[in-house]
Asker: 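To start, I am sharing the structure in question, which I have written as structure tokens.
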Amino acid sequence: MKQSLLSVLEQQLDGLSLDATKRSVGKIVSFGDGIATVDGLDQVMSGELIVLGKNTYGLALNLKADHVGVVLLSEDRDLRVGDTVSTTGRLLSIGVSDQIIGRVVDPLGAPLDAKPPIKIKSYEALEKIAPGVITRKSVTVPLQTGIKAIDAMIPIGRGQRELIIGDRGTGKSAIGLGTILNQKGQNVICVYVAIGQKRSFVAQTTAVLEKAGAMDYTVIVSASASDSAAMQFLAPYAGVSVAEFFLKQGKDVLVIYDDLSKHAVAYREISLLLRRPSGREAYPGDVFYLHSRLLERACRLNDDNGGGSITALPIIETQASDVSAYIPTNVISITDGQIYLEADLFNAGVKPAINVGLSVSRVGSAAQLKSMKQVAGKMRLDLAQYRELAAFAQFSSDLDTKTKAQLDRGARVATILNQQWDEPMPVEEQVAVIYAASNGYLDGIKLEQVKKWEEAALDYLKSSHSSILSSIKKEAKITEETDKQLKSAFATFATTHTEWR
Amino acid sequence: MSSSKSVVVESVIPLSAEQKRVLSSLLKARVGSEKFTEKVNPTLLGGLRVSIGTTQYDMSLTGKLSQLRNI
Ligand SMILES: Nc1ncnc2c1ncn2[C@@H]1O[C@H](COP(=O)(O)OP(=O)(O)OP(=O)(O)O)[C@@H](O)[C@H]1O
Ligand SMILES: [Mg+2]
């Protein structure tokens, strides 16, 4: 035992050279509010990791002629004015290995769960240049969210950046987390970055993902509301660095930034404390760059470069539905589309509360399953007509039969799109349900029974006609044969279940 | 490097006359000035630490031990 310990130590120390080190040193002139002003440090690099005093770490952000502004990454309890400060020669990085899957870590990679330390395989720099144009290819593989309204009408592809935007409490996080739940068995690694969230929310989220078995392929990077502004500022970069570690292995990764509004606020706090000039809404001038350099790192690489992808779902919280505020407009312009959630819809019971008219996906339709495309186009039309007619119908009591039929159809389609956030649905089942709704198989069903019908019909398909579902999935489109089978299956189902009419 | 930069040499025990002479000639060649301030600093545990202006060359035992810690 003793012998083996010795040999392990010897192995680790073998070939180790402890040379003289050269570093830049300086002294703390003043500190407070998470910022230290440092004299000296002539050779410091912007963004370099700095040691202050014995073991307080900081980040050199402001390099001025006569001083350096350092943002503290840990508490300043042990610091004194006059303490020595020195450079480390290291840009900020996070230690990563395959073991990080299933863990909750802070932006520097330190575990926040009660599990053993993570064995590190490589250090990934937090700030990296995004992959160049030549290494990329276009988005062609769908990323299924499991949410009917999104997969049908706002499809997302692997490598896309799709913004989730809405007021507080409109179900933004739920869409991100539901999408993570749906990645089970899809060969996608998920990274959930919690920025400025309550610790209780992060703990609760971890528990939910754990229970659903989603932590088997998920990493949570968290800088909660009680952590320093510097940590919150770093969190999304740490998240994408973890994603890049898996990207390099050719894997598909999904990153959710929850949310970038709080990220911008943390950066504003740091900038104001560093006395940088502030602009619109008191944000510093480079706040656009803050998010563009982050979201540019989402990509789909070509086969020569491993063929992996990083899909980014950033979340932005609006105030009173104002999408024209500074940060929302910035992020809207950087992303490939947005999913717009509305408080009015949410309160009216539409969940997920997606405003389909204002939501778009600019690249995802190229990746959408053909069968979904076949049924989704018609549904979108039904829905649009319904919304338009419903507004008019409020004022008139006697409607002609055609209008009434359209209203009935639309109401059923809208009901079908309601979905619990933690019940993602496989795409082939989505296609079947939407097919039924837009082909009139639900027209006779009472509105309040539509959900029951959906559940029973899917059970029926799964147990008696599983070949239809597997064909939709495999053929990637509804063949004439499948079309016939679907029609007869739904007709049979209708004759055996008359209780909801 | 300009000769105006202050040079500080830290060691655990005071340097001998011979050591000082060698250091002076080395510094003259490298920095241009043979003047330096001596400082006794027991926390180094061993070796030397030389600061030229704001650049520090660490050849002390503590420095090496802290490198070990970072592996
Ligand atoms: N599709 C859904 N069906 C039922 N309930 C939902 C759905 N989506 C969200 N909710 C519920 O609505 C509440 C708010 O959701 P969520 O926390 O995701 O919103 P949010 O916009 O992220 O809020 P915040 O602004 O606080 O971050 C939660 O209690 C959640 O369970
Ligand atoms: Mg949320």
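Since this is a predicted model, take the numbers as computed values, not measurements. In what follows, chains are A, B, ... by sequence order, proteins preceding strands, each numbered from 1.
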Asker: Under 6.0 Å from the NZ atom of A/Lys248, do we count more than 12 heavy atoms belonging to anything else shown?
Answerer: yes
Asker: If you count every heavy atom of other residues, nucleotides or ligands that lies below 6.0 Å from A/Lys115 atom NZ, does the total exceed 12?
Answerer: yes
Asker: When rounded to the nearest 0.5 angstrom, what is the spacing between OG1 in A/Thr21 and CD in B/Gln56?
Answerer: 7.5 Å
Asker: Between A/Asp42 and B/Thr54, do the side chains contain an N or O donor and an N or O acceptor separated by less than 3.5 Å?
Answerer: yes
Asker: Are A/Arg23 and B/Thr55 side-chain neighbours, meaning at least one heavy-atom pair lies under 4.5 Å?
Answerer: no
Asker: So which part of A/Leu41 gets closer than 4.5 Å to some heavy atom of chain B, the side chain, the backbone, both or neither?
Answerer: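 Only the backbone of A/Leu41 comes within 4.5 Å of chain B.
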Asker: Take a 6.0 Å sphere around CG of A/Asp33 and say whether it holds more than 12 heavy atoms from other residues, nucleotides or ligands.
Answerer: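 Counting neighbours around CG of A/Asp33, 12 or fewer heavy atoms of other residues, nucleotides or ligands fall under 6.0 Å, so no.
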